[in-house]
Amino acid sequence: MSSNSEVITINLDTPLYKGSISLNTGLFINGEFVRPQESQDAGKIDIINPSTSKPITSVHLGSSLDVDIAVDAARKAFKSTWGLHVPGSVRGQKLQRLAELIEENLEEIAALEALNCVASLILGKPFAQAKQELNMACITTLKYYAGWADKIHGKTIETNETKMAYTRREPYGVVGAIIPWNNPLAGLAWKVGPAVAAGNTIVLKPSEFTPLSALRVASLINEAGFPPGVINIVNGYGPTVGASLASHPLIAKIAFTGSTITGRKIQEAAAKSNLKVVTLELGGKSPNIIFDDADLEQAIKWAGIGIFANMGQACCAGSRIFVQEGIYDAFIQGFTAVAQHLQANTGDSFSSPNTLHGPQASEAQYKRILSYISSGISEGAHVQTGGEKHSDGEGYFIKPTIFTNVTPSMKIAQEEIFGPVAAVIKFKTEEEVIEMANNTTYGLACAVFTENISRGIRVAHAIEAGTAWINTYNTIENGVPFGGYKQSGIGRELGEYALEK
Amino acid sequence: MSEVFKLELNTPAYKGTVSFPTGLFIGGKFVEPIEKGKIEVVNPSNGKVITSVSAGTGKDVDIAVEAARKAYKTSWGLKVQGSVRGQMLLKLASLIEQNIDEFAALESLNVGKPFSVSKNGDVTNTVACLRYYGGWADKIQGKTIEFAYTRHEPYGVVGQIIPWNFPLSMISWKIGPALATGNCIILKPSEITPLTALKLASLVSEAGFPPGVVNIVNGYGNTVGQSIAEHPQISKVAFTGSTLTGRKIQEASAKSNLKVVTLELGGKSPHIIFDDADLEQAVKWAIRGIFSNGGQVCSAGSRIYVQEGIYDKFLEAFTEGAKHISKNTGDPFGEGVVHGPQVSSMQFDRIMTYIDSAKTDGATIHHGGERHGTEGYFVKPTIFTECKPGMKIVQEEIFGPCAAVIKFKTEEEVIEMANDTTYGLAAGVFTENAARGIRMVHALEAGSTFINCYNMLDKAVPFGGYKQSGIGRELGEYAIDMYTQVKAVHVNIGLRL
């Protein structure tokens with residue numbers, strides 16, 4: 001195995017970022033960058049800039065052999081230089097240092113996330129948004145978990161005079177993590193933070209579409225002080241690297257964020273291999289419910305954030321917007337203006353600080369969303385605004401879209417689109433909207449807009465979802481757990497709850 | 001504006017300058033006290049004055065409380081996110097760490113601890129404790145209880161009075177949880193040992209704390225301390241020191257605004273060694289338990305109970321250990337020194353009085369029992385044998401390097417003897433029999449118990465006393481509870497009258 005892997009340079013010369021960024025495109029295993037095992041070399045994958053549809057660079061793809069090597073390194077580390085061999089405060093210090101190093105290199109990492117995916121260089125997120133989101137999501141999450149590392153408590157439990165009992169919270173050992181492409185850095189922090197704070201070692205697969213920021217973070221892991229093998233980053237495809245993690249006999253637990261379809265495969269693989277513990281954070285079709293007595297101006301703004309943030313590529317997007325009839329017309333008017341404002345400020349992340357709306361992540365996503373839009377139209381919904389691609393030019397840009405006259409059985413009301421497409425539905429009563437909102441296999445999030453505190457809490461309690469927002473949307477906190485009811489997931493991330501997993 | 005004192009040191013352990021501001025730290029700046037008082041700070045290794053520093057009075061406490069209240073209403077409390085408060089504590093920890101040698105030198109100069117102990121013990125533990133509480137700041141959680149919820153809110157302005165035996169480390173135990181939970185502080189260091197507090201104060205603004213959040217007011221107990229204890233606008237006071245003063249604090253609270261009082265007081269902790277103990281280890285821990293820090297530890301293992309089967313061997317090895325310490329007694333900055341002076345002439349005199357009482361009461365001075373050298377406040381490691389329960393040296397806290405060794409026969413007997421005290425701070429048990437070890441510590445009336453070790457404290461594990469050794473707990477998550485008050489919120493979501 002050669003440890004001489006390729007370092008590439010990405011040069012950017014844009015209004016919002018100028019500089020050269022060095023990146024090692026190998027696999028990060030046992031504390032060094034390596035090329036994949038030759039015998040199963042899957043080659044490389046082109047990483048596309050979704051603003052231009054052109055490749056930025058290419059990175060190495062691992063295989064199940066590389067996963068085996070990583071797991072072996074992780075096991076060795078767990079038995080010797082990590083796990084409970086290292087006091088919690090020391091584990092925490094290293095996480096803190098990693099967060100600080102990311103912060104020190106914020107400009108560069110933000111540029112990579114935004115280039116590859118808007119929020120981060122990679123997925124075409126508006127650059128300013130990318131930096132801000134990156135800071136909030138990734139750095140503060142790592143710091144939050146750094147502080148938990150030496151506070152993992154069991155209990156003592158009184159039984160009777162002749163016996164004492166107490167519980168211990170022990171790490172699993174080697175855990176696998178598979179993260180998605182919509183918020184790559186946040187995805188990494190949400191998995192690595194609690195796993196490593198609790199004393200596990202980890203083998204993480206980034207999305208093969210958006211590995212750039214993970215690779216840059218990998219180059220900081222040794223400097224942060226983690227012994228080799230504690231954090232391993234293995235790029236690759238789902239059916240190879242992902243499947244290998246899910247069925248690996250020496251991985252004690254796997255955490256996956258992504259589509260419900262893939263989540264099922266992971267759970268199946270666990271059932272068929274070593275019954276590893278599985279936590280899943282899947283899709284959603286979250287209801288955003290706006291009552292007559294809502295603060296209308298605020299509700300409109302939050303509704304915009306709920307469905308158009310990150311171009312709708314959020315698992316908890318408020319994609320079904322239920323508006324009570326008394327306020328319906330005024331809402332539509334204001335909400336349409338929001339969508340149109342975004343349409344007017346659409347572009348490449350780096351071109352202008354005013355860019356608010358970027359491209360979808362990939363060609364596949366782009367096509368998928370357009371196909372849902374077609375189905376909405378053909379099933380009889382009305383396009384209030386948008387409903388088409390942004391232009392004939394480069395990139396995967398779709399106009400922020402609002403459908404009205406939506407009926408619950410339409411595909412656009414039932415299935416997760418993962419794009420900037422809002423389905424707006426009118427309702428009369430509280431009982432009616434609760435029933436409509438719960439009529440879904442999903443249960444990730446929901447929101448209620450009302451100035452009546454009793455109603456807000458009542459409705460939040462009645463909706464079958466893992467996160468309920470009252471008079472806000474998509475405000476996620478490091479200390480508050482996040483996860484789904486029903487087919488939106490199993491287990492919780494963030495907060496103290498993530499440590500229990 | 002106030003002066004900064006500088007001193008050049010040229011010693012085996014430390015060569016360089018040490019410096020610290022000498023004023024009161026109030027509202028984010030160093031200021032002169034209203035009544036311009038001063039206190040001399042003495043080097044206990046030679047009895048000479050190092051310098052004078054400002055001494056405040058109740059008037060300065062009033063100004064500090066005003067600054068703290070303003071800060072609490074505007075730039076601290078729950079107005080500042082926990083994660084932000086936490087990062088400031090981390091920054092303060094890093095700043096101390098960057099100056100670790102200078103802090104250690106100041107502590108050794110002022111208190112008499114051997115330099116390596118100051119550095120690898122006191123200052124290192126201070127940094128770790130501040131980091132630990134930095135991590136708690138954004139994890140202060142209440143509960144939801146269908147359908148109501150609790151909130152754990154800070155008190156507002158809290159007063160903290162700390163002792164002279166671990167000056168810097170005690171600051172971290174106090175300010176860590178207090179600041180993490182969002183309180184503003186008025187802290188009085190011991191007037192005997194203010195140097196590291198002053199040095200720390202010089203880093204507070206750089207760490208990012210808004211003015212008024214951390215105030216450090218040096219002064220005497222009966223002026224500054226009393227003022228804090230009876231101040232109507234201080235909601236809670238935390239005190240570490242003697243039981244005698246602890247009573248005064250609680251009385252002052254009762255007579256003023258019924259502020260919440262937590263106390264960490266003295267002890268006369270039993271250190272119990274059974275026949276089946278690992279003897280070599282038991283001896284080492286016993287040595288540490290009573291001779292560390294010159295015996296100036298609230299949880300010192302000052303009554304050593306040894307089962308008769310192992311008594312003679314123990315005493316012999318224990319005496320060897322004491323001799324080794326005697327041989328390595330000297331200037332804290334010297335090479336290989338493990339035992340320094342007691343902190344002050346007053347403490348020295350007090351210990352010598354107890355030694356005299358031992359002679360009068362008929363105990364045997366098996367080793368030590370006298371001054372070491374002619375300069376400074378050095379007392380030889382001292383072992384009393386033939387002790388009887390009623391003797392002063394068995395009942396009262398000496399706070400010096402004096403061990404009372406007592407023979408015992410049975411488990412029941414030693415439990416009774418060990419518990420026969422108004423104190424209840426710590427207890428240690430040495431035995432290779434796991435069931436006995438656990439049974440023993442469960443039977444001992446003490447807040448911190450140790451099995452086959454002693455005084456192995458950890459910032460994550462609570463520390464505090466039973467009985468007259470104290471009220472409340474420090475360290476761990478438990479300290480967080482000490483600095484928050486619980487508010488229950490009931491929300492009506494459908495009940496109509």
Side-chain angles (χ1 to χ4, degrees), chain A residues 87-97 99-100 103 135-136 139-156 158 160-166 193 197 430 448 450 452-462 470 477-481 494-499, chain B residues 81-91 93-94 97 124-125 127-144 146-149 176 180 434-435 437-443 449 451 458-462 475-480 489-496:
Chain A
S89 49
V90 172
R91 301 197 300 262
Q93 280 279 82
K94 298 189 197 296
L95 271 169
Q96 175 78 10
R97 187 75 194 116
E100 286 167 1
E103 209 167 7
N135 183 44
M136 293 321 295
I139 296 168
T140 59
T141 301
L142 288 174
K143 286 181 176 175
Y144 177 80
Y145 283 105
W148 268 121
D150 55 1
K151 302 172 178 63
I152 300 185
H153 301 156
K155 298 179 201 269
T156 64
E158 284 304 308
N160 58 61
E161 252 190 286
T162 63
K163 189 160 87 167
M164 67 149 309
Y166 64 91
E430 190 178 310
V448 183
T450 172
N452 179 318
I453 194 178
S454 305
R455 173 148 67 192
I457 293 176
R458 218 163 46 232
V459 174
H461 288 195
I470 300 179
E477 313 291 340
N478 287 321
V480 182
L494 296 186
E496 191 178 355
Y497 293 74
L499 292 167
Chain B
Q81 260 189 311
S83 50
V84 174
R85 301 195 301 261
Q87 291 303 310
M88 289 178 196
L89 276 166
L90 293 184
K91 180 88 169 116
S94 290
E97 193 176 43
T124 297
N125 291 338
V127 171
C129 182
L130 290 174
R131 286 192 169 137
Y132 178 77
Y133 283 104
W136 266 119
D138 56 358
K139 302 171 177 66
I140 316 278
Q141 301 177 150
K143 297 181 200 272
T144 62
E146 288 297 319
F147 183 63
Y149 64 91
I438 293 176
R439 221 165 44 230
M440 284 293 299
V441 295
H442 288 196
T449 58
I451 300 178
D458 189 295
K459 59 207 175 302
V461 182
L475 297 184
E477 187 177 2
Y478 293 74
I480 298 286
V489 181
H490 303 256
V491 187
N492 184 351
I493 53 173
L495 176 66
R496 291 192 67 76

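Chain letters run A, B, ... following the sequence lines, proteins first and then strands; every chain starts at 1.
In terms of the side-chain contact (heavy atoms from CB on, under 4.5 Å) criterion, residue partners of A:Arg455 (sequence neighbours excluded) are, by chain and number, A:Phe291, A:Asp293, A:Glu430, A:Thr450, A:Asn452, A:Arg458, A:Val459. Qualifying side-chain contact (heavy atoms from CB on, under 4.5 Å) partners for B:Tyr149, counting only residues two or more places apart in sequence or in other chains: B:Thr144, B:Arg151, B:Val489, B:Val491.
Summarising the local packing, CD of A:Glu100 is surrounded by more than 12 heavy atoms from other residues, nucleotides or ligands at distances under 6.0 Å.
To the nearest 0.5 Å, the span separating NZ on A:Lys151 from NZ on B:Lys139 amounts to 6.5 Å. Annotation: the span from A:Asp150 atom CG to B:Arg131 atom CZ amounts to 11.5 Å, rounded to 0.5 Å. To the nearest 0.5 Å, the span separating NE2 on A:His153 from CD on B:Glu477 amounts to 5.5 Å. Atoms NE2 and CE, on B:His442 and A:Met164 in that order, are 5.0 Å from each other to the nearest 0.5 Å.
Smallest separation of non-hydrogen atoms from A:Gly479 and B:Gln141: O-OE1, 4.4 Å.
B:Asn492 touches chain A through its backbone: at least one of N, CA, C or O sits under 4.5 Å from a heavy atom, while the side chain does not.
Classified by interplanar angle (parallel below 30°, tilted 30° to 60°, perpendicular above 60°), the ring pair A:Trp148/B:Trp136 is perpendicular.
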